[in-house]
*Asks:* 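Please see the structure below; I have some questions.
On a predicted model such as this, the values are computed, not experimentally measured, just so you know. Both counts, for ligands and for their atoms, begin at 1 and track the order of listing. All heavy atoms count here, side chains included; hydrogens, waters and symmetry mates do not. Note that the numbering runs from 1 along the sequence shown for the chain.
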Amino acid sequence: MERIQMPDWITRKRNGESLAEEEISALIRAYTLGEIPDSQMAAWLMAVFFQGMNAQETLALTRCMVDSGLRLDLSGLGCPRADKHSTGGVGDKTSLVLAPLVAAAGVAVPMISGRTLGFTGGTLNKLESIPGFRVDLTVPEFQRVLEKVGCAMIGQTAELAPADRKIYALRDATSTVECIPLIVASILSKKLVEDLDALVLDVKFGSGAFMPSAEKAAELAGKLVEVANSFGTRTCALLTDMNQPLGAAIGNALEVSEAIEALQGGGPADFVGLCEDLATYMVVLALPQEDPEKVRQRISKLMSSGKALEYFGRMVEAQGGDPRIVDHADLLPRSRHQHVVRAASPGYLAEAGARGLAIASMNIGAALNDPAVGLVVHKKVADLVEKGEPLCTIHYNKEALLSQVLPSVEMSFRIRQEKVQPPALVAGIIGAKPGK
Ligand code: URA
């Protein structure tokens with residue numbers, strides 16, 4: 001049996017030394033089994049936060065977190081599997097489109113998603129705004145939906161990556177979340193249990209993301225791609241700008257509604273474009289012999305023809321939700337009131353601050369678990385704006401909250417007289433490229 005030498009492991013990490021794979025493995029196993037107290041683990045995490053980890057340590061940490069629970073075997077599906085993970089953004093409802101879209105293209109999507117974290121929305125919270133939709137499927141139920149539909153979306157269960165569940169809660173409580181090796185091991189431990197052939201990462205930067213700059217996002221993306229590839233999962237990462245919300249809608253039911261609009265062949269251009277980019281990478285990495293250009297065309301067609309929407313409806317039904325929402329978005333929760341915020345002056349939109357708008361959406365009721373509330377932003381950065389034109393509609397239920405959030409919504413928009421260059425949504429791609 002390994003000896004648990006926690007004070008020594010804390011001291012060495014604190015002093016900037018590296019730990020051997022066996023030591024990291026013993027540490028993670030003991031903590032998951034409750035043999036190391038939170039106080040010692042917290043001290044070790046803080047030491048890692050300040051001293052970092054080298055490549056071998058990060059790989060070892062990821063491996064033992066993956067091995068802490070069940071690893072799915074999806075070989076019986078008889079088709080390749082791919083998934084996408086976003087590091088969290090504002091208005092990011094791409095997962096809702098990607099799972100059915102990529103399944104419709106012949107690549108299964110076993111998606112294990114997360115909940116709202118800080119000001120960024122969680123896919124599970126969005127799905128739960130669909131009447132009846134169950135995100136708490138057991139592993140056998142999850143596999144049955146995958147076999148039937150080709151895609152399924154659930155939350156982390158106690159059997160999958162249990163080490164991350166415990167360590168993440170402690171990191172959240174000890175301010176040790178923003179640490180690249182810990183983020184890499186945490187994200188990948190949940191994705192690598194899904195038995196994937198391909199993984200596409202959407203690493204976001206800017207005011208509406210956890211990574212402040214494109215450089216920081218590139219550093220995280222590089223580490224994620226390196227570690228995932230070393231597990232044999234073909235992986236690439238897109239670096240995407242999260243300074244303004246993605247698409248128009250922010251808020252659980254509003255975002256489901258916008259995802260359905262995209263699956264009906266409509267929806268905001270930036271959101272639809274990103275869904276098509278991510279889906280193309282997922283399919284091309286999963287089926288490397290395919291021609292990327294042809295895949296891209298097929299993906300566009302699956303969106304415009306309603307085929308991907310059909311898969312979405314089947315997944316909703318298989319997971320207990322009301323499939324009529326596909327044609328009747330009015331069956332989703334809707335707020336009683338709307339307030340339109342208008343431009344105070346004419347000009348070009350220079351800023352639609354993602355973080356301020358996301359916090360306003362939380363404060364208007366999303367933080368109180370009201371699925372109907374949120375914001376719909378009507379303009380994108382660089383758009384020409386007339387005085388009095390709608391910039392944003394606030395959807396709310398509690399009158400008293402409106403006056404509280406209104407100033408922060410108004411302050412999130414900045415209009416200037418000079419022309420503004422539209423920012424590129426995708427700032428870079430790291431790792432395998434289609435065709436390679
Ligand atoms: N999301 C995760 O799953 N883990 C992290 O550490 C950060 C974001």
*Asks:* Have Y31 and D38 got a donor and an acceptor in their side chains that come within less than 3.5 Å?
*Replies:* yes

*Asks:* May I ask you to test the C151-M111 pair for a side-chain heavy-atom distance under 4.5 Å?
*Replies:* no

*Asks:* Do Y311 and L101 make a side-chain contact, defined as non-hydrogen atoms from C-beta onward lying under 4.5 Å apart?
*Replies:* no

*Asks:* Provide, line by line, the atom pairs where ligand 1 and the protein bring an N/O atom each to a distance under 3.5 Å; else say none.
*Replies:*
{"residue": "ligand 1", "atom": "3 (O)", "partner": "K190", "partner atom": "NZ", "Å": "2.5"}
{"residue": "ligand 1", "atom": "4 (N)", "partner": "S186", "partner atom": "OG", "Å": "2.7"}
{"residue": "ligand 1", "atom": "6 (O)", "partner": "R171", "partner atom": "NH1", "Å": "2.9"}
{"residue": "ligand 1", "atom": "6 (O)", "partner": "R171", "partner atom": "NH2", "Å": "2.8"}
{"residue": "ligand 1", "atom": "6 (O)", "partner": "S186", "partner atom": "OG", "Å": "3.4"}

*Asks:* Inspect the contact between D8 and R12 and indicate whether a charged nitrogen and a carboxylate oxygen are less than 4.0 angstrom apart.
*Replies:* yes

*Asks:* So do the side chains of L274 and T240 get within less than 4.5 Å of each other, counting heavy atoms only?
*Replies:* yes

*Asks:* With salt bridge (Lys or Arg N to Asp or Glu O under 4.0 Å) as the criterion, how do R81 and E194 come out once you've worked through the C-alpha distance, each side chain's angles and the decisive distance to 0.1 Å?
*Replies:* CA-CA 9 Å; R81 282 88 57 196; E194 291 175 355; over 6 Å; no

